[in-house]
Trainee: 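I am attaching a structure below and will ask some questions about it afterwards.
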Amino acid sequence: MSKQFDVVVIGAGPGGYIAAIRAAQLGFSVACVDDWKNEKGGPAPGGTCTNVGCIPSKALLQSSEHFEHAGHAFKEHGIDVAGLSLNLEQMIKRKAGVVKQNNDGILYLFKKNKVTFFHGLASFTGAATAEGYPLTISAPANESISAKQIIIATGSNARALPGADFDEKLILSNTGALDIPEVPKKLGVIGAGVIGLEMGSVWRRLGAEVTVLEGLPTFLGAVDEQIAKEANKMFTKQGLSINLGCKINKVTKGDNNVTVEYDNAKGEANTAVFDKLIVSIGRTPNTNGLGADKVGLALDERGFVAVDHDCKTNLPGVWAIGDVVRGPMLAHKAEEEGVAVAERMAGQHGHTNFNTIPWVIYTSPEIAWVGKTEQTLKAEGVAYKAGTFPFLANGRARALGDTSGMVKFLADANTDEILGVHIIGPMASELISEAVVAMEFKASAEDIARICHAHPSLSEATKEAALAIDKRTLNF
Ligand code: FAD
Ligand code: NAI
């Protein structure tokens, strides 16, 4: 006898668990199914983000930054550290603890919101009946359930390089990259995207010699060109070897190392031998075991679940959100879609604004942006004004001892509406929120320039960059 719910959410990543909670808040009876297992085989809700993504990467970024500061930056502050050493086992253990706190937090939230959680793989078994869509759940739950409304939030997996499958010992996806037991002497990274730069930074700070091989001739093509250029300069100065325009020809595993044969940007043949190789060349949507064919769920040509603007699939009552559908693969985008879908199911007008989704790369300095880049505005023929302000001229940044980078505003030349904000520098991940709020409210650069910002704070650089649009900075 199958258990019936109003709504079944498949996947408890940031998209799925948030959708389940919002649906429960709106009065639906909700089940959420997730198959992620912790070390002991128990449930580990939170998906890629919590288990092998956002959370553990940020834990290691923080720990490795402390290590680097203790070794290099403290001296300038008058703090001498004698006998500094790395306890990598403890660093990894702490990261695992942070992950577990988040897993447990989600189980608590399910209880609090009366969401029924099932641990196992959920699969469609056939077309909808009067009871809704029938689903089976594998062990350990071993259940049959059904619902008229289904939210698919099954996420994504790391894309492998053809001929170089992940073994998570020598050739690492994000999963292995977060769990290297010993700092590799030579670390190779294929792909200078978000994961490559974040994980490359972690292991460089801990002592690895890191070589990044990127296929495209441009560095961080989606980032504003001025900011990307600055980032390339800074990361190279820190010691990351960033090689653009590389064509990977062959990856060969040895007993304890990996050999990568590639052509560099000039077309010259190169061979590099690494102790470990991280492959971070993007992610693919995950519909494994979902039974899409059994129910006639349409996928697009790239394997994503096909959805319209409102996250509706081709099946009535079946929705899909997050990494498994089009759009940026970001946790907060998945969450926004989850809330919007739950509200649409309840007859409300849930909304996701793709123009104001912030992006953050958690390197040091951090890179964060929202809206359009200068190169996009140029390509679109939009008349714009640009204003920048360097952290070098910000009192709080000087006190922190971190004056790298800048804030950059782009505003419509005629209306002064903010079209994009780009930040490279300390706490960019936090500073970008002000720009997101401003753009949501269709603010002008003048609006930000007229708002009182606390002194001394990094946010004053945001105000000054808005003033720079009109060439009237006060501190530069
Ligand atoms: P997921 O988080 O992938 O969750 C899907 C869940 O569904 C998984 O638990 C999966 O096991 C489960 N599942 C799949 N199929 C089934 C099934 N049939 N039955 C039951 N369960 C199933 N994004 C950010 O915004 N900020 C960051 O800082 C950030 N850092 C990242 C760092 C790394 C190293 C990586 C890899 C990603 C990072 N991301 C970050 C991206 C972010 O993790 C994803 O965008 C986000 O996890 C997508 O959420 P989701 O809910 O769509 O899917
Ligand atoms: P990515 O799309 O950010 O970068 C992949 C890079 O690999 C690109 O620069 C691409 O040109 C390059 N590439 C592709 N094929 C290649 C090849 N054969 N040889 C050499 N280079 C090649 O993907 P990444 O880093 O794997 O991350 C996946 C996604 O996860 C990100 O796009 C992002 O959505 C999410 N993420 C978000 C984070 C954040 O918000 N801070 C952190 C980490 C991941």
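Whatever order the structure lists ligands and atoms in, that order sets their numbers, starting from 1. Along the sequence shown, residues carry numbers from 1.
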Trainee: Please answer whether the main-chain N or O of L290 pairs with a side-chain N or O of T287 as donor and acceptor at a distance below 3.5 Å.
Mentor: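 Not a single qualifying donor-acceptor pair exists.
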Trainee: Among D275, D165, D167, which one satisfies salt bridge (Lys or Arg N to Asp or Glu O under 4.0 Å) with K253?
Mentor: D167
Trainee: Can you check whether E225's main-chain N or O pairs, donor with acceptor, with Q375's side chain at less than 3.5 Å?
Mentor: yes
Trainee: Could you walk me through whether E336 and H351 pass side-chain contact (heavy atoms from CB on, under 4.5 Å), step by step?
Mentor: CA-CA 8 Å; E336 289 301 304; H351 178 62; over 6 Å; no
Trainee: Counting each atom of ligand 2 from 1 as listed, which ones have a heavy atom of I190 under 4.0 Å away?
Mentor: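 Taking each heavy atom of I190 in turn, ligand 2 has 19 (N), 20 (C) under 4.0 Å.
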Trainee: Considering the heavy atoms of G322, write down every atom of ligand 1 situated less than 4.0 Å from one of them.
Mentor: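 Those of ligand 1 that fall under 4.0 Å from G322 are 52 (O).
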Trainee: Do I190 and L277 have side chains that get closer than 4.5 Å, going by heavy atoms?
Mentor: yes
Trainee: Give the single entry among N288, D323, I321 that approaches atom 44 (C) of ligand 1 most closely by any heavy atom.
Mentor: D323
Trainee: Would you mind running through ligand 1 and noting each atom that sits below 4.0 Å from a heavy atom of T48?
Mentor: 1 (P), 2 (O), 3 (O), 4 (O), 36 (C), 43 (O), 47 (O)
Trainee: Of the choices T175, L135, D35, which has the non-hydrogen atom that lies closest to atom 22 (C) of ligand 1?
Mentor: D35
Trainee: Should P45 be listed as contacting ligand 1, given a heavy-atom distance under 4.0 Å as the test?
Mentor: no
Trainee: Write out the residue and atom name of the closest protein heavy atom to atom 4 (O) of ligand 2, then the distance separating them to 0.1 Å.
Mentor: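 Going atom by atom, the protein heavy atom closest to atom 4 (O) of ligand 2 ends up being G193 CA, 3.2 Å.
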Trainee: Show me which atoms of ligand 1 lie under 4.0 Å from any heavy atom of L330.
Mentor: 23 (N), 25 (O), 45 (O)
Trainee: Give the atom numbers and elements of ligand 1 that come within less than 4.0 Å of a heavy atom of K58.
Mentor: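 This gives 27 (C), 28 (O), 29 (C), 30 (N) as the contact atoms.
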Trainee: What protein heavy atom sits nearest atom 7 (O) of ligand 2, and how far off is it?
Mentor: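 Looking at atom 7 (O) of ligand 2, the protein heavy atom closest to it is G191 CA, 3.3 Å.
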Trainee: Using a 4.0 Å cutoff against the non-hydrogen atoms of Y362, which atoms of ligand 2 qualify?
Mentor: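 Counting from 1, the qualifying ligand atoms are 41 (N).
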Trainee: Out of curiosity, is R283 lining ligand 1, as in a heavy atom under 4.0 Å away?
Mentor: yes
Trainee: Among protein heavy atoms, which sits nearest to atom 19 (N) of ligand 1, and what does the distance come to when rounded to 0.1 Å?
Mentor: A122 N, 2.8 Å
Trainee: Which residue and atom name correspond to the protein heavy atom nearest atom 37 (C) of ligand 1, and how close is it?
Mentor: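 Sorting protein heavy atoms by distance from atom 37 (C) of ligand 1 puts G53 CA, 4.0 Å first.
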Trainee: Run down the list L216, T363, V194 and name the one with the heavy atom closest to atom 31 (C) of ligand 2.
Mentor: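 Among L216, T363, V194, the closest heavy atom to atom 31 (C) of ligand 2 comes from V194.
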Trainee: Give the single entry among I195, I248, L220 that approaches atom 43 (C) of ligand 2 most closely by any heavy atom.
Mentor: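 Among I195, I248, L220, the closest heavy atom to atom 43 (C) of ligand 2 belongs to I195.
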Trainee: Give me the ring orientation class for W359 and W369: parallel if the planes are under 30° apart, tilted from 30 to 60°, perpendicular past 60°.
Mentor: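 Judged by the thresholds at 30° and 60°, the geometry between W359 and W369 is parallel.
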Trainee: Is V52 close enough to touch ligand 1? Criterion: a residue heavy atom under 4.0 Å from a ligand atom.
Mentor: yes
Trainee: Show the atoms of ligand 1 that are less than 4.0 angstrom away from any heavy atom in C49.
Mentor: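 Going through ligand 1 atom by atom, the ones under 4.0 Å from C49 are 2 (O), 43 (O), 47 (O).
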Trainee: Can you name the atoms of ligand 1, numbered from 1 with element, that are less than 4.0 Å from a heavy atom of N286?
Mentor: 14 (C), 15 (N)
Trainee: CD1/I281 to CG/L161 distance, rounded to the nearest 0.5 angstrom?
Mentor: 4.5 Å
Trainee: Measure from the side-chain N and O atoms of K294 to the backbone N and O of A127, and report whether any donor-acceptor pair falls under 3.5 Å.
Mentor: no
Trainee: How far is atom 41 (N) of ligand 2 from its nearest protein heavy atom, and which residue and atom name does that atom have?
Mentor: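 Looking at atom 41 (N) of ligand 2, the protein heavy atom closest to it is V360 O, 2.7 Å.
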Trainee: Under 4.0 Å from a heavy atom of L161: give me the atoms of ligand 2 that qualify, with their elements.
Mentor: 18 (N)
Trainee: Report yes if E198 has an N/O atom closer than 3.5 Å to an N/O atom of ligand 2; otherwise report no.
Mentor: yes
Trainee: Under 4.0 Å from any heavy atom of G15, which atoms of ligand 1 are there?
Mentor: 51 (O)
Trainee: Identify the closest protein heavy atom to atom 33 (C) of ligand 2: which residue and atom is it, and at what distance?
Mentor: M329 O, 3.5 Å
Trainee: Do me a favour and list the nearest non-hydrogen protein atom to atom 5 (C) of ligand 2 with residue, atom name and distance?
Mentor: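 Looking at atom 5 (C) of ligand 2, the protein heavy atom closest to it is S280 O, 3.5 Å.
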Trainee: Between the main-chain N or O of S173 and the side-chain N or O of E168, is there a donor-acceptor pair closer than 3.5 Å?
Mentor: yes
Trainee: Just need the protein heavy atom nearest to atom 8 (C) of ligand 2, so name the residue and atom and give the distance.
Mentor: E214 OE1, 3.5 Å
Trainee: Check the pair E209 / R204 against salt bridge (charged side-chain N to carboxylate O under 4.0 Å, His left out), numbers first and verdict last.
Mentor: CA-CA 6 Å; E209 184 187 315; R204 180 200 60 72; over 6 Å; no
Trainee: Given V189 and S280, is the side-chain contact (heavy atoms from CB on, under 4.5 Å) satisfied, shown in steps?
Mentor: CA-CA 7 Å; V189 178; S280 47; 3.7 Å; yes
Trainee: Return yes if some donor-acceptor pair links the side-chain N/O of E366 with the main-chain N/O of I361 below 3.5 Å, else return no.
Mentor: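 Judged by distance alone, no pair lies under 3.5 Å.
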Trainee: When you look at CE of M345, are more than 12 heavy atoms from neighbouring residues, nucleotides or ligands closer to it than 6.0 Å?
Mentor: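 Counting neighbours around CE of M345, more than 12 heavy atoms of other residues, nucleotides or ligands fall under 6.0 Å, so yes.
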Trainee: Kindly indicate, with the supporting measurements, whether the criterion salt bridge (charged side-chain N to carboxylate O under 4.0 Å, His left out) is fulfilled by K408 and E374.
Mentor: CA-CA 10 Å; K408 173 173 179 175; E374 190 163 356; 2.5 Å; yes
Trainee: Is ligand 1 less than 4.0 angstrom away from at least one heavy atom of I195?
Mentor: yes
Trainee: Specify side chain, backbone, both or neither for I10, according to which of its non-hydrogen atoms lie closer than 4.0 Å to ligand 1.
Mentor: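 It is the side chain that touches ligand 1; the backbone stays farther off.
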Trainee: Give the numbers and elements of all ligand 1 atoms closer than 4.0 Å to a heavy atom of G47.
Mentor: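 Near G47, meaning under 4.0 Å from one of its heavy atoms, ligand 1 has 2 (O), 4 (O), 8 (C), 9 (O).
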Trainee: Identify the closest protein heavy atom to atom 21 (N) of ligand 2: which residue and atom is it, and at what distance?
Mentor: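 Residue, atom and distance for the closest contact: G215 N, 3.0 Å.
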Trainee: Taking it one step at a time, do K95 and E89 satisfy salt bridge (charged side-chain N to carboxylate O under 4.0 Å, His left out)?
Mentor: CA-CA 10 Å; K95 176 212 65 173; E89 199 182 337; over 6 Å; no
Trainee: Counting only heavy atoms, which portion of R159 has something under 4.0 Å from ligand 2: side chain, backbone, both, or neither?
Mentor: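 Contact part for R159 vs ligand 2: neither.
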Trainee: For E39, is the CD atom crowded, meaning more than 12 foreign heavy atoms sit under 6.0 Å from it?
Mentor: no
Trainee: Give a yes-or-no answer on whether the side chains of N51 and N103 include a donor-acceptor pair shorter than 3.5 Å.
Mentor: yes
Trainee: Starting at NZ of K112, measure out to CD1 of I106 and round the result to the nearest 0.5 Å.
Mentor: 14.0 Å
Trainee: Just heavy atoms, cut-off under 4.0 Å: does N174 contact ligand 1 by side chain, backbone, both, or neither?
Mentor: side chain
Trainee: May I ask you to identify the nearest protein heavy atom to atom 13 (N) of ligand 2, giving residue, atom name and distance to one decimal place in Å?
Mentor: I281 CG2, 3.8 Å
Trainee: Could you check whether any side-chain N or O of Q238 sits under 3.5 Å from a backbone N or O of S364, counting only pairs where one atom can act as donor and the other as acceptor?
Mentor: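 At least one qualifying donor-acceptor pair exists.
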Trainee: Closer than 4.0 angstrom: is that true for some heavy atom of G282 and an atom of ligand 2?
Mentor: yes
